[in-house]
Colleague: 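Would you mind keeping the following structure in view while I ask a few things?
Positions are given from 1, in the same order as the sequence printed here. Quick note: numbers below take in every heavy atom, side chains included, and nothing from hydrogens, waters or symmetry partners.
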Amino acid sequence: IQNVGTQYVLDLRATNCRTGDVMDREQAQVARKEDVLGAIGRMATAFRERVGESVATLQRHDVPLAQATTASLDALRAYSLGLEAATATGEEASIPFFRRAIELDPKFAMAYAWLGLVYGASGSSRLATENIRKAYELSTSVSDNERFFISAYYEGRGTGDEEKAHQICEQWAAVYPRDPLPHSFLTGFIDPGLANFDEAIEEGRKGLAIAPDRGYSYVLLSDDLMFAGHLNDVEEVLREASERKVDYQQVPILRYDLAFLRDDPRGMEQAVNMARGKPDSMDWMADQQAFSLAYAGRLKEARVLSRQAIDLALQEGDRERAAQFEIRLALWEAFFGDAREAKQDAATALGLARNRGIDYGAAVVFALSGDSGQARSFADHLQKELPEDTSVRFSYVPVIHAILALKRRDSAAAIDALQLTTPYELGAPRCAVVSFYGSLYPILIRGQAYLAAHKGPEAAREFQKLIDHRTVMIGDAVSALAGLGLAQSDALSGDSNQAREQYREFLALWKNADPDLPVFLQAKAEYAKLR
């Protein structure tokens, strides 16, 4: 679209991608900006008729552009720039463009939908939910493909029903086989939440084949390969992204996590250097550095970096992300036995922002720290407000109830509460996909419940699951407790030699741990009794 004097000249070309030859062409000229969108629609219809599209699909997919998308050319331009930024650089860069498109056209359904998607991918769950619900309200006149997008993300994010979102995405991919987005939805958050990592990887490879120049294609596939423990494949995907000069904000975080899993301090340092000077990555990187310190029991040092991540997020105006960093720290403190600090940090997080993931994290903190009233209140709120949400139904609420039962010394009730979690307990619930906490908590708490019930072999089976799937918990220092749990299980079963070996491994990992950390003191005392 070119502005020539007082006229607007429109040129639509179909090009052979292999040879560069122009296969067909449509041109038009209009006198006013207001007439441009109508002219685009007429050009597209004439082109589709001439190249042989059937009458049936012409009629089915013939909603006028101004009606289906937007009546504002300026809004369409801002939206297009948002798409370009989202696919080339990352979610953060696209947000101002989508917000501008909505300012220019408050009824622009797809701008709301994309804004919701990028907010969700960048960790702003509440804003993501608000925007996709608004898009769903405005979706009565959108095109067929746009309706698939909005419906799939509405179910996946708005209601949280991942099973329904999965069905919609399968239909979407069948109708539009060249669109990468249904595959991105499946690989990005739907299949991981449903514990379908093999399927998530397959969908990720499909999406990458369709859109090899889009940064998120590499990131989403790498995430799932890492969850599944295919570390060499992650390296290969990141190498390919580098060769294509894809610069995406999450690549340094992926490289840091990969180096951590390989016990490669030099690689972790290189990833930190990659993130320096990149505002969209620096807070995440500080938070991941905090994770690696907390994983080794160095919680005081981890707090310093967590505070740095929180401050960076607040400087960027992202209170919701800052709250998620705060709640991660609170969870580590609660699981490691520092109840006072944990409750204070959970309260701080709730004061910054609220969303379903933050509420869940706070509930777990309060339950572990003995505040059963608050924990139960959050569980009831989640269950009432999000009755269809897969993570709420099959992970969040059962875990809260199980911890509360353990605090009442009712291990049988805890084990029973966790029966609901079995279909998806090896998956990554929604709070884990972006915020790196919550994965495998049902298994961890079940293991602790079996310990409380004095069932050593059953407890060992659960903790071994955690160790076998440790890559699903990447980013969450709570995973360090799996080794301690296995040591306690072996001791309970009477296998003193194996228990001593497991305790030695855990204490070697925590050799530089804070000396007054309650879990550390407990582990040393238990080990001393076996010697």
Colleague: Hey, are Arg266 and Glu269 close enough for a salt bridge, meaning a charged N less than 4.0 Å from a carboxylate O?
Modeller: no

Colleague: Find the distance between CG (Asp191) and CG (Asn196) and round it off to the nearest 0.5 Å.
Modeller: 5.0 Å

Colleague: Looking at every non-hydrogen atom in both residues, tell me the closest pair between Asp105 and Ala71 and how far apart they are.
Modeller: OD2-N, 3.9 Å

Colleague: In the structure I gave you, are the side-chain heavy atoms of Met110 and Ser139 within less than 4.5 Å of one another anywhere?
Modeller: no

Colleague: With sequence neighbours left out, what residues match Arg18 under side chain to side chain donor-acceptor pair (under 3.5 Å)?
Modeller: none

Colleague: By salt bridge (Lys or Arg N to Asp or Glu O under 4.0 Å), which residues pair with Glu326, not counting sequence neighbours?
Modeller: Arg307

Colleague: Under the 3.5 angstrom rule, does the side chain of Thr70 hit a backbone N or O of Ser72 as a donor-acceptor pair?
Modeller: yes

Colleague: Can a donor-acceptor pair be found, under 3.5 Å and without considering hydrogens, that links the side chain of Arg100 to the backbone of Ala78?
Modeller: no

Colleague: Taking ring-ring contact (aromatic ring centres under 6.0 Å, His included) as the test, write out the residues that go with Tyr437, two or more places apart.
Modeller: none

Colleague: Is there a side-chain contact between His166 and Glu199, using heavy atoms and a 4.5 Å cut-off?
Modeller: yes

Colleague: Determine the minimum heavy-atom distance between Asp179 and Pro182, stating which atoms define it.
Modeller: O-CD, 3.3 Å

Colleague: Taking the side chain from Arg321 and the backbone from Ala313, do they hold a donor-acceptor pair closer than 3.5 Å?
Modeller: no

Colleague: Is there a side-chain contact between Leu10 and Val36, using heavy atoms and a 4.5 Å cut-off?
Modeller: yes

Colleague: Start with the C-alpha gap between Ile190 and Cys169, add the side-chain angles, then the distance that decides, and say whether side chain to side chain contact (heavy atoms under 4.5 Å, CB included) holds.
Modeller: CA-CA 9 Å; Ile190 296 172; Cys169 284; 3.8 Å; yes

Colleague: Quick check for you: to the nearest 0.5 Å, what is the distance between His230 atom NE2 and Ser222 atom OG?
Modeller: 12.5 Å

Colleague: A quick test of your reading: do over 12 heavy atoms of other residues, nucleotides or ligands sit less than 6.0 Å from NZ of Lys278?
Modeller: yes

Colleague: How close do Arg430 and Ser391 get, counting heavy atoms only, and between which atoms?
Modeller: N-OG, 3.1 Å

Colleague: Quick check: does any side chain N or O of Glu146 sit under 3.5 Å from a backbone N or O of Ser143, one acting as donor and the other as acceptor?
Modeller: yes

Colleague: Answer yes or no: is there a donor N or O on one side and an acceptor on the other, between the side chain of Thr471 and the main chain of Met226, under 3.5 Å?
Modeller: yes

Colleague: Please confirm whether the backbone N or O of Glu162 pairs with a side-chain atom of Thr390, one donor and one acceptor, at under 3.5 Å?
Modeller: yes

Colleague: Parallel, tilted or perpendicular: which one describes the rings of Trp332 and Phe291, with boundaries at 30° and 60°?
Modeller: tilted

Colleague: Among all residues two or more places apart in sequence or in another chain, which pass the salt bridge (Lys or Arg N to Asp or Glu O under 4.0 Å) test with Arg470?
Modeller: none

Colleague: Determine whether Tyr218 and Leu238 make a side-chain contact, defined as any pair of heavy atoms from C-beta on separated by less than 4.5 Å.
Modeller: no

Colleague: Which heavy atom in Asn16 sits nearest to a heavy atom in Met23, and how many Å separate them?
Modeller: N-SD, 3.7 Å

Colleague: Between Asp35 and Arg32, is there a side-chain N and carboxylate O pair less than 4.0 Å apart?
Modeller: yes

Colleague: Looking at residues at least two apart in the chain, or sitting in another chain, which of them share a side chain to side chain donor-acceptor pair (under 3.5 Å) with Tyr256?
Modeller: Ser292

Colleague: Might you work through the side chain to side chain contact (heavy atoms under 4.5 Å, CB included) test for Leu138 and Ile150, ending with a clear yes or no?
Modeller: CA-CA 10 Å; Leu138 296 169; Ile150 292 172; over 6 Å; no

Colleague: With Phe394, which residues qualify under ring-ring contact (aromatic ring centres under 6.0 Å, His included), at least two apart?
Modeller: Tyr424

Colleague: Arg13: which residues meet the salt bridge (Lys or Arg N to Asp or Glu O under 4.0 Å) condition with it, sequence neighbours left out?
Modeller: Asp11

Colleague: Do Arg356 and Leu382 come within less than 4.5 Å of each other through their side chains, counting heavy atoms only?
Modeller: yes

Colleague: Donor-acceptor pairs under 3.5 Å, side chain of residues 207-216 to any protein atom, not counting sequence neighbours: which ones?
Modeller:
from	atom 1	to	atom 2	distance (Å)
Asp213	OD1	Arg244	NH1	2.8
Arg214	NH1	Tyr216	OH	3.1

Colleague: Would you call Arg42-Glu26 a salt bridge at under 4.0 Å N-O?
Modeller: no

Colleague: Are Glu202 and Arg205 within salt-bridge range, i.e. N to O under 4.0 Å?
Modeller: no

Colleague: Residues in side chain to side chain donor-acceptor pair (under 3.5 Å) with Tyr441, at least two apart?
Modeller: Asp476

Colleague: Donor-acceptor pairs under 3.5 Å, side chain of residues 111-122 to any protein atom, not counting sequence neighbours: which ones?
Modeller:
from	atom 1	to	atom 2	distance (Å)
Tyr112	OH	Pro106	O	2.9
Ser122	OG	Val118	O	3.0
Ser122	OG	Tyr119	O	3.0

Colleague: Mind checking whether Val9 and Gln27 have side chains closer than 4.5 Å, heavy atoms only?
Modeller: no

Colleague: Measure centre to centre between the rings of Tyr79 and Phe108, then say whether the value is under 6.0 Å.
Modeller: yes

Colleague: Within this structure, what is the CG-CG distance for the pair Leu305 and Asp283, rounded to the nearest 0.5 Å?
Modeller: 12.5 Å

Colleague: Can you give me the closest heavy-atom contact between Met285 and Ala271, atom names plus distance?
Modeller: CE-O, 3.4 Å

Colleague: Arg133 side chain to Gly158 main-chain N or O, any donor-acceptor pair under 3.5 Å?
Modeller: yes

Colleague: Any carboxylate oxygen within less than 4.0 angstrom of a Lys/Arg side-chain nitrogen, looking at Arg255 and Glu235?
Modeller: yes

Colleague: Report yes if some heavy atom in the side chain of Thr187 is under 4.5 Å from a heavy atom in the side chain of Ile201; otherwise report no.
Modeller: no

Colleague: Locate the shortest heavy-atom distance separating Ala195 from Leu426; write the atom from each residue and the value.
Modeller: CB-C, 4.0 Å

Colleague: Under the ring-ring contact (aromatic ring centres under 6.0 Å, His included) rule, collect the residues that match up with Phe185, sequence neighbours excluded.
Modeller: Phe149, Tyr153, Trp172, Phe189

Colleague: Would you call Asp287 and Arg328 a side-chain contact if the rule is heavy atoms closer than 4.5 Å?
Modeller: yes

Colleague: Which residues pass the salt bridge (Lys or Arg N to Asp or Glu O under 4.0 Å) test with Glu130, sequence neighbours left out?
Modeller: Arg126

